[in-house]
Amino acid sequence: MDYAQRLADGVRERRRQLGISQSELARRAGMTQPGISRIELGGTTPTLPLLSRLAQAMESDLDIHVAPERGEVIVRFTPRRAQEAA
């Protein structure tokens with residue numbers, strides 16, 4: 001699985017955990033719903049500034065671990081604790 005697909009899966013999973021639509025995530029992140037859809041389908045790879053906006057919109061921290069020698073790519077949107085989010 002490649003980087004774009006790991007990001008796609010991470011965004012989709014976190015959005016679903018929050019119980020929000022692609023349109024709501026787009027609104028929160030200052031994007032369009034088709035843009036969110038392209039990310040979730042792995043059709044585009046977001047830039048770091050966009051990933052930062054998405055993480056903020058999903059009330060999360062984003063951890064990315066890449067270890068090419070092991071073929072490892074880990075993408076994790078970690079929910080922020082309530083006191084940190086406030």
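Position 1 is the first residue of the sequence, and the numbers go up from there.
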Q: For Pro34, enumerate each residue passing the side chain to side chain contact (heavy atoms under 4.5 Å, CB included) test, keeping only those at least two apart in sequence or located in another chain.
A: Thr32, Arg38
Q: Heavy atoms only: give me the nearest Gln33-Ser23 pair and the separation to one decimal.
A: CG-OG, 3.5 Å
Q: Would you mind listing every salt bridge (charged side-chain N to carboxylate O under 4.0 Å, His left out) that reaches into residues 46-55, with sequence neighbours excluded?
A: none
Q.
Any salt bridge linking Asp9 with Arg12? Criterion: basic side-chain nitrogen under 4.0 Å from a carboxylate oxygen.
A. yes
Q) Between Arg15 and Met58, which heavy-atom pair has the shortest distance, and what is it? A) N-SD, 4.0 Å
Q: Identify, with sequence neighbours excluded, every residue that meets side chain to side chain contact (heavy atoms under 4.5 Å, CB included) alongside Ser52.
A: none
Q | With Gln56 via side chain to side chain donor-acceptor pair (under 3.5 Å) - residues at least two apart | A | none
Q: For residues Leu62 and Leu54, determine if any side-chain heavy atom of one lies less than 4.5 Å from a side-chain heavy atom of the other.
A: no
Q: With sequence neighbours excluded, tell me which residues meet side chain to side chain donor-acceptor pair (under 3.5 Å) with Arg28.
A: Glu24
(Q) When you compare the side chain of Leu18 with that of Leu25, does any pair of heavy atoms fall below 4.5 Å? (A) no
(Q) Please evaluate residues Asp61 and Arg80 with respect to the criterion side chain to side chain contact (heavy atoms under 4.5 Å, CB included), reporting the C-alpha separation (whole Å), side-chain torsions for both, the decisive distance (0.1 Å), and the verdict. (A) CA-CA 6 Å; Asp61 293 328; Arg80 282 180 283 190; 3.7 Å; yes
Q. For Ala8 and Gly42, which heavy atoms make the closest approach, and how far apart are they?
A. CB-N, 3.7 Å
Q: Please confirm whether the backbone N or O of Phe77 pairs with a side-chain atom of Arg14, one donor and one acceptor, at under 3.5 Å?
A: no
Q) With a 4.5 Å limit on heavy-atom distance, are the side chains of Thr47 and Leu51 in contact? A) no
Q. Any idea which heavy atoms bring Gln22 and Ser37 closest together, and the distance?
A. OE1-CB, 3.7 Å
Q | For the student: nearest non-hydrogen atoms of Thr45 and Ala4, plus distance | A | OG1-CB, 3.5 Å
Q: Could you pull out all residues at least two apart from Thr78 that satisfy side chain to side chain contact (heavy atoms under 4.5 Å, CB included)?
A: Asp63, Arg76
Q.
A side-chain contact here means heavy atoms from C-beta on lying under 4.5 Å apart; do Val73 and Gln5 qualify?
A. no
Could you tabulate the donor-acceptor pairs under 3.5 Å formed by side-chain atoms of residues 64-72, not counting sequence neighbours?
unit_1	atom_1	unit_2	atom_2	d
His65	NE2	Glu72	OE1	3.1
Arg70	NH2	Glu72	OE1	3.3

